[in-house]
Amino acid sequence: MPQIKLGPTAHVDTFARDNLPPFDLWPEILLDRPEFQYPEYLNAAVELTDRMVERGLGDNIALIGNGRRRTYKELTDWSNRLAHALVENYGVKPGNRVLIRSGNNPALVAAWLAATKAGAVVVNTMPMLRAGELTKIVDKAEVALALCDSRIADELIACAKTSKFLKQVVSFDGTQNHDAELDRIALDKPVKFDAVKTGRDDVALLGFTSGTTGEPKATMHFHRDILTIADGYAREVLKVTPEDVFVGSPPLAFTFGLGGLAIFPLRFGAAATLLENATPPNMIQIIETYKATICFTAPTAYRAMMAAMDKGADLSSLRIAVSAGETLPGPVFEQWTSKTGKPILDGIGSTEMLHIFITNRTGEARPGATGKPVTGYVARVVDEQMNEVPRGEIGRLAVRGPTGCRYLADKRQTSYVRDGWNITGDTFVQDEDGYFHFVARADDMIVSAGYNIAGPEVEAALLSHPDVAECAVIGKRDEERGEIVAAYVVLKANVEADEVCRKKLQDHVKATIAPFKYPRAVNFVEALPKTQTGKIQRFRLREQA
């Protein structure tokens with residue numbers, strides 16, 4: 001493997017670089033293509049805002065949300081004022097981790113850009129996370145400062161009360177009123193900010209992903225990586241222009257959402273529409289109102305959109321539909337293309353790789369296929385010994401390219417990276433024409449409506465209820481959501497196994513961990529299938545399901 005040499009750093013807080021995995025555990029990073037050549041010093045947030053104004057795109061609409069349109073000039077000035085506040089009032093130093101908690105709104109994008117301009121390492125988190133889940137993230141990343149939408153500060157404040165790291169929670173206003181602490185302080189700041197001259201190999205983003213144990217892993221992404229996903233996938237496959245308008249449902253806290261609803265549009269002078277509640281009806285309204293051209297969502301939502309089209313919804317402005325989060329069923333592909341005459345592109349990405357690395361392309365898309373590698377990436381299907389298997393045989397997906405897995409101080413690096421390849425945990429088949437076809441997840445991760453849910457974490461939440469003696473959680477196939485969380489529960493003696501109990505357990509899980517993780521199916525059983533040594537045999541439950 002080529003020798004890895006990191007470029008210069010601007011970080012005075014060296015935590016992130018100090019906690020990168022040892023170089024010999026990295027995947028091979030392929031940076032030879034001309035589009036992935038960046039200067040040694042690079043601040044991704046400057047490239048997405050100030051640079052766009054310099055290029056004459058200042059009057060283009062950048063963000064649409066909460067009833068307002070904001071131009072590139074307005075977004076640049078806004079993020080620069082916030083950056084002044086972070087540095088001057090809250091003492092943010094280059095390399096400090098800054099956690100952000102918010103739904104999908106323009107204020108979140110401005111805060112992310114501001115912290116990145118200040119040289120911070122940003123940790124975006126979902127609004128659904130509870131204090132216990134936030135604590136694991138804060139502890140792992142050693143976060144001292146958090147920025148939070150004032151409407152959802154409670155769980156973060158609860159986390160701060162017991163945290164040995166989190167010292168300050170600063171509120172911003174996620175609505176259009178700009179009336180919270182951070183907004184008021186930023187109001188009088190200058191609109192010019194001398195952004196930190198970060199190195200292209202400085203960590204800019206920690207993307208947290210749930211392991212199958214529920215113990216979060218932090219994936220580490222450089223300033224160069226943020227631009228790479230736009231200059232690769234978005235340029236080649238989506239062919240984004242300043243006329244495009246993006247819409248979608250993935251949370252910006254997921255790297256899939258951050259790419260599709262912030263990085264991609266901002267890199268090309270396009271507009272992003274942001275919805276805090278991205279239900280299919282709301283997305284349809286946005287598409288009709290703002291003539292959106294590129295949509296990012298899961299197959300479930302595309303089904304709902306087609307039903308709405310039958311009732312007269314006008315989605316004719318869409319030129320590309322991107323489907324990810326769960327595999328796109330062949331029938332949905334065929335229904336969409338016949339109904340709209342436009343492509344729906346399945347793809348696979350991961351938090352570790354930052355975004356999509358295998359995709360279908362306009363004019364070449366096939367139903368039931370995930371597609372071929374994005375230019376710059378190489379993929380193969382391998383056996384346990386890392387040998388490539390013959391075409392048509394099932395094996396594990398191995399990929400490498402300009403981005404790759406780097407976990408922050410985590411022994412699990414060696415299970416994701418082998419022999420310089422990223423092993424994503426998916427089983428695939430490659431056909432004779434080179435197309436990759438998804439088969440299944442290779443681990444216990446449940447993927448429901450695009451969300452990754454760790455079974456053991458749901459089990460732990462159920463077991464914390466006094467009525468539960470034992471339980472096991474699996475993913476059960478579901479027509480609408482891909483999979484649902486199904487729980488098999490052994491109740492304690494004298495507890496009635498009825499609908500009241502079922503609802504009580506579901507509500508308990510929703511209150512304990514993020515509500516989307518709750519078991520939609522709760523089955524009461526006398527006993528769980530086990531090995532002679534007492535290990536629960538979840539595969540038996542899957543066979544029954």
Side-chain angles (χ1 to χ4, degrees), residues 45 48-49 52 58-83 85-86 100-116 122 124-129 146-156 169-187 189 191 244-254 257-266 269-297 301 317:
L48 300 177
T49 52
M52 305 312 284
D59 291 336
N60 280 31
I61 300 298
L63 300 178
I64 299 167
N66 284 335
R68 281 192 58 182
R69 302 173 193 233
R70 288 170 175 84
T71 65
Y72 276 86
K73 177 73 170 75
E74 288 172 316
L75 179 59
T76 301
D77 293 353
W78 184 12
S79 56
N80 285 344
R81 283 199 298 266
L82 291 172
L86 293 178
I100 305 178
R101 172 179 168 83
S102 174
N104 283 14
N105 57 50
L108 165 57
V109 177
W112 164 62
L113 292 165
T116 305
V122 177
N124 287 319
T125 61
M126 280 205 304
M128 288 186 269
L129 297 184
L147 311 178
C148 186
D149 187 321
S150 54
R151 296 169 293 171
I152 52 168
D154 295 359
E155 295 285 341
L156 201 50
V169 176
V170 179
S171 288
F172 61 83
D173 191 338
T175 72
Q176 58 183 343
N177 299 329
H178 297 292
D179 192 26
E181 180 186 343
L182 183 61
D183 310 281
R184 290 192 287 270
I185 285 173
L187 206 56
K189 299 293 185 186
V191 297
D244 277 311
V245 178
F246 285 70
V247 66
S249 60
L252 288 162
F254 290 172
L258 190 69
L261 297 174
I263 298 167
F264 296 169
L266 296 179
T273 60
L274 299 174
L275 281 162
E276 290 183 338
N277 184 19
T279 59
N282 287 354
M283 284 197 289
I284 288 162
Q285 188 186 358
I286 289 286
I287 293 165
E288 291 184 326
T289 306
Y290 297 107
K291 301 289 178 270
T293 57
I294 299 176
C295 183
F296 277 80
T297 191
S317 62

Novice: Can you tell me how far OG of S79 sits from CG of L113, rounded to the nearest 0.5 angstrom?
Specialist: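 One gets 5.0 Å once the value is rounded to the nearest 0.5 Å.
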Novice: Any heavy-atom pair between the side chains of R68 and N66 that's under 4.5 Å?
Specialist: no
Novice: Is there a side-chain contact between W112 and L48, using heavy atoms and a 4.5 Å cut-off?
Specialist: yes
Novice: With a 3.5 Å cut-off and no angle check, do the side chains of S249 and T297 form a donor-acceptor pair?
Specialist: yes
Novice: Checking T273 side chain against F246 main chain: does a donor-acceptor pair fall under 3.5 Å?
Specialist: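 Checked: pair present.
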Novice: Is it the case that D59 and T71 place a side-chain donor and acceptor less than 3.5 Å from each other?
Specialist: no
Novice: Apply side-chain contact (heavy atoms from CB on, under 4.5 Å) to the pair R70 and I61, showing each step before the final yes or no.
Specialist: CA-CA 6 Å; R70 288 170 175 84; I61 300 298; over 6 Å; no
Novice: What do the steps show when you test N124 against F254 for side-chain contact (heavy atoms from CB on, under 4.5 Å), and what is the final call?
Specialist: CA-CA 8 Å; N124 287 319; F254 290 172; over 6 Å; no
Novice: Do the side-chain N and O atoms of N105 and E276 include a donor-acceptor pair separated by under 3.5 angstrom?
Specialist: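 Side chains of N105 and E276: pair found under 3.5 Å.
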Novice: Can you check side-chain contact (heavy atoms from CB on, under 4.5 Å) on Y72 and T49, steps first, answer last?
Specialist: CA-CA 6 Å; Y72 276 86; T49 52; 5.6 Å; no
Novice: Does any donor atom in the side chain of T175 or D173 lie under 3.5 Å from an acceptor atom in the other side chain?
Specialist: yes
Novice: Rounded to the nearest 0.5 Å, how far apart are CZ of F264 and CG of D244?
Specialist: 12.5 Å
Novice: Would you find a donor on one side and an acceptor on the other, under 3.5 Å apart, between the side chain of R101 and the backbone of P127?
Specialist: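 Checking the backbone N and O of P127 against the side chain of R101, a donor-acceptor pair under 3.5 Å is found.
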Novice: Are side-chain heavy atoms of I263 and L258 found at a separation under 4.5 Å?
Specialist: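 Yes, at least one pair of side-chain atoms sits under 4.5 Å.
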Novice: I'd like to know whether CZ of R184 has more than 12 heavy-atom contacts from other residues, nucleotides or ligands below 6.0 angstrom.
Specialist: yes
Novice: So do N104 and L261 actually touch side chain to side chain, heavy atoms under 4.5 Å?
Specialist: yes
Novice: Can you tell me how far SG of C148 sits from CG of L108, rounded to the nearest 0.5 angstrom?
Specialist: 10.5 Å
Novice: Could you walk me through whether V109 and L252 pass side-chain contact (heavy atoms from CB on, under 4.5 Å), step by step?
Specialist: CA-CA 8 Å; V109 177; L252 288 162; 3.9 Å; yes
